[in-house]
Amino acid sequence: MQIFDTLTNKKHEIIPLAADGVLRLYVCGVTPYSESHVGHAMQAIVFDVLRRYLDWRGIPVKHVQNFTDIDDKLIDRAQRLGIEMSELAEQNIADYHRQLKELNVLPAHEYPRVTELVPEIVRFIEGLIEKGFAYASGGDVYYRVREFGGARYGALSKRDIDDLVSGARVDPTELKDDPLDFALWKAAKPGEPSWESPWGQGRPGWHIECSAMALKTLGEQIDIHGGGADLIFPHHTNEIAQSEAYTGKTPFAATWMHNAHLQLGDEKMSKSLGNLVTINQALATHSADALRLFLITSHYRRPLKYAPESLDAAKAGAERLREAAFAAQPEQMYTPPVDGEATRERFIAAMDDDLNTPQALAALFDLTREINRGRDRGRDIRPAQETLRELAGVLGLTLAQPQRGSQEAAPFIDLLVQLRSELRAAKQWQLADHVRDGLTSLGIEVKDGPEGSAWKQV
RNA sequence: GGCGCCAUGGCCAAGUGGUAAGGCAAGGCUCUGCAAAAGCCUCACCGCCGGUUCGAGUCCGGCUGGCGCCUCCA
């Protein structure tokens, strides 16, 4: 399988570096200061699909995703709410887990948090100071970017280090030797949560956590480091500088994989801009399958616009897949059976090429048509259905019937449908249609077939 | 201002040298008591202008429009 690498701007073959053959995947997660939005879901789903696919192809994956639970916004918001920072983080992390589960996203193997790794972070910073890549200054500690090398520093984001200087924020209160330098450790301000360190009370800077977490959970070098495209600079740029300076090993990550952003209207969906749709809001009107399908009908490196019409289209598409995957086998079977082997090959070829989910889906929809056609012609469609369900599962689609109504209603609906069948048998068309219209208005769709009437919720 | 990305049918969206995947929507037909579902059929001169090539959405140059990053951000 090949994945596009941001650092080299090329597609790389993905081969686990470690001798045990386990692929190390580190993904930058969320800062849990508020509810997560569909953009976060998109990111989680992209890496979920990657992981499911690699597993399916026989490459075991160890997946680590962090929570940044020490952060300015977290501190501010907790203070405004009058609760502890840890409590606020805890709530949002619990929500995040719950929502991703609803979206059928497999949990990462580990979810390290900054608050749990402060000693490791301190040790990491000490190591950088010893090697001359960092310096303490007035209770803060900064990373010396020029020590690492300008060309190397700008490689990931394709930036000239001197252009960065002019754009760098100049804060007169900061104690940097060079405007490019960034904070590894920040001295505590009054009223803020803080931890002990050789430089006094304080807290870790933003970037250092991921270097320390990756080192602790996955080792000195990892296979794929992922996250949203907005993290390329400065977050991932700084991670490379820290990790490679500390371990002396290059590369820190064999492949840098970044997903493009979800847009709402004409702008990036983001917490700071305030233009967002939360995962809960999306799940209130659409199933996990519909949402996932919508998000993977576009390639992960292309920006995608969130629009209700697009979600509705995905909903209809998911329904189409589901109908075909579970359509009843016709009674009479003629040879040859419909199988999905050609589809499987197309699916693999598409996914191997930088996770081309749109093409993989196209293959599944073509198989859907073959299944429907086969069913109409009395062929054995079961092998193809099995393949369809298997491949959909690799994309994390459950093809499950949405369960929105109460299960208790089912016997009553059965009764009404049965009654209607009797009316039809008696050619009482008006009454039969009246029952059907009534059910339709309640969200129950009735379908008449040769073997009687079936119903489903829509 | 610097760096980068994108512009494909009514909507969404693949395709990066040999004459356009897929989904949704729409229209016609088949099936059906009528529907629904399903099937079959129909629906693209690939933003504009030059260039390279036997041949270009696909490569090169220019133009126009849009987006992202450069500051917290998935």
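A, B, ... follow the sequence lines: proteins, then strands. Residue 1 opens every chain. Note that this is a predicted model, so its numbers are computed, not measured. Values reported hereafter were calculated over all heavy atoms of this structure, with side chains retained and with hydrogens, waters and symmetry mates removed.
For C69(B), the OP1/OP2 oxygens have a side-chain nitrogen or oxygen of Lys268(A) closer than 4.0 Å. Not one side-chain nitrogen or oxygen of Ser310(A) sits closer than 4.0 Å to the OP1 or OP2 atom of A13(B).
When both distances must be under 3.5 Å, the Watson-Crick or G-U wobble mate of C5(B) is G66(B). Shown here, A13(B) forms no base pair; nothing in the strands shown gives a Watson-Crick or G-U wobble contact with both key distances under 3.5 Å. Base pairing analysis places A38(B) opposite U30(B); the two distances defining the Watson-Crick or G-U wobble pair are each below 3.5 Å. The partner of C59(B) is G51(B), judged by Watson-Crick or G-U wobble contacts that both fall below 3.5 Å.
Here ring pair (Phe, Tyr, Trp, His ring centres under 6.0 Å) pairs that include residues 341-400 of chain A, with residues two or more places apart or in two chains, are Trp56(A)-Phe347(A). Evaluation of the ring pair (Phe, Tyr, Trp, His ring centres under 6.0 Å) test over residues 436-458 of chain A, restricted to residues two or more places apart or in two chains, returns none. Each ring pair (Phe, Tyr, Trp, His ring centres under 6.0 Å) pair with one or both residues in residues 276-306 of chain A, not counting sequence neighbours, appears once here: Phe294(A)-Tyr306(A).
Inspection of the Thr398(A) and Asp289(A) side chains reveals an N or O donor paired with an N or O acceptor under 3.5 Å. Looking only at atom types and distance, the side chain of His63(A) has no donor-acceptor partner in the side chain of His109(A) under 3.5 Å away. Using modelled atom types and a 3.5 Å distance limit, the side chains of Tyr26(A) and Asp223(A) yield no donor-acceptor pair.
Annotation: of the two residues near RNA chain B, Pro358(A) and Ser157(A), the 5′-most nearest-nucleotide partner is Ser157(A). Along RNA chain B, the nucleotide nearest to Asn356(A) and the one nearest to Gly317(A) differ in position, and the one closer to the 5' end is contacted by Asn356(A).
Between the CG atom of Asn259(A) and the P atom of G4(B) there is a distance of 21 Å, given to the nearest Å. When rounded to the nearest whole Å, the span between CD of Glu267(A) and C1' of A74(B) equals 16 Å. When rounded to the nearest whole Å, the span between CG of Leu361(A) and P of G22(B) equals 13 Å. The distance between atom CG of Leu321(A) and atom C1' of A37(B), rounded to the nearest whole Å, is 15 Å. Straight-line distance from the CZ atom of Phe294(A) to the C1' atom of G22(B): 16 Å, rounded to whole Å. We find that CG of Leu395(A) is positioned 13 Å from C1' of G22(B), with the value rounded to whole Å.
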(message) Using a 4.0 Å heavy-atom cut-off to protein, can you give one letter per nucleotide of nucleotides 26-35 of chain B, 5' to 3': B if the base is in contact, S if only the sugar-phosphate is, - if neither?
(response) -------BBB
(request) Heavy atoms under 4.0 Å is the rule here; annotate nucleotides 38-43 of chain B 5' to 3' with B where the base is hit, S where only the sugar-phosphate is, and - elsewhere. (result) SSS---
(message) Each nucleotide in nucleotides 5-10 of chain B should get exactly one letter: B, S or -. Can you fill that in based on protein heavy atoms under 4.0 Å?
(response) -SS---
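Two residues are said to be in side-chain contact when any heavy atoms from C-beta on lie closer than 4.5 Å; Ile224(A) and Val61(A) fail this criterion.
Residue His258(A) is classed as having no contact, given no heavy-atom separation below 4.0 Å to the nucleic acid. Within 4.0 Å of Ala316(A), counting heavy atoms only, lie sugar-phosphate atoms of the nucleic acid but no base atom. Using a 4.0 Å heavy-atom criterion, one finds that Glu309(A) contacts no nucleic acid atom at all. Heavy atoms of Gly227(A) sit under 4.0 angstrom from primed sugar atoms or phosphate atoms, though from no base atom.
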Show me the donor-acceptor pairs within less than 3.5 Å that the side chains of residues 421-437 of chain A make with the rest of the protein, sequence neighbours left out.
from	atom 1	to	atom 2	distance (Å)
Ser421(A)	OG	Val417(A)	O	3.1
Glu422(A)	OE2	Gln418(A)	NE2	3.2

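In summary, Arg80(A) and Asp76(A) do not engage in a salt bridge, as defined by a charged side-chain N under 4.0 Å from a carboxylate O.
The side-chain contact (heavy atoms from CB on, under 4.5 Å) search around Gln281(A) returns Val277(A), Thr278(A), not counting sequence neighbours. Under the rule for a side-chain contact (heavy atoms from CB on, under 4.5 Å), the partners of Glu445(A) that lie at least two apart in sequence or sit in another chain are Lys456(A), Val458(A). In this structure, the side-chain contact (heavy atoms from CB on, under 4.5 Å) partners of Arg159(A), at least two apart in sequence or on a different chain, are Ser157(A), Leu164(A), Phe233(A). Scanning for side-chain contact (heavy atoms from CB on, under 4.5 Å) contacts around Thr217(A) gives Val64(A), Glu110(A), Pro112(A), with sequence neighbours left out.
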(request) Please assess Leu184(A) against Gln242(A) for the test side-chain contact (heavy atoms from CB on, under 4.5 Å), listing each intermediate value before the final yes or no. (result) CA-CA 9 Å; Leu184(A) 296 169; Gln242(A) 292 161 350; 3.4 Å; yes
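Non-hydrogen atoms lying under 4.0 Å from RNA chain B are contributed by nothing in residues 378-393 of chain A.
Relative to the side chain of Leu262(A), the nucleotides A14(B), A74(B), C67(B) differ in distance, and A74(B) lies closest. Side chain of Arg159(A), nearest nucleotide from A13(B), C70(B), A74(B): C70(B).
Nucleotide G4(B) is shown with an anti base, its glycosidic torsion being more than 90° from 0.
Among Ile75(A), Leu81(A), Leu74(A), the single residue meeting the side-chain contact (heavy atoms from CB on, under 4.5 Å) criterion with Arg77(A) is Leu81(A).
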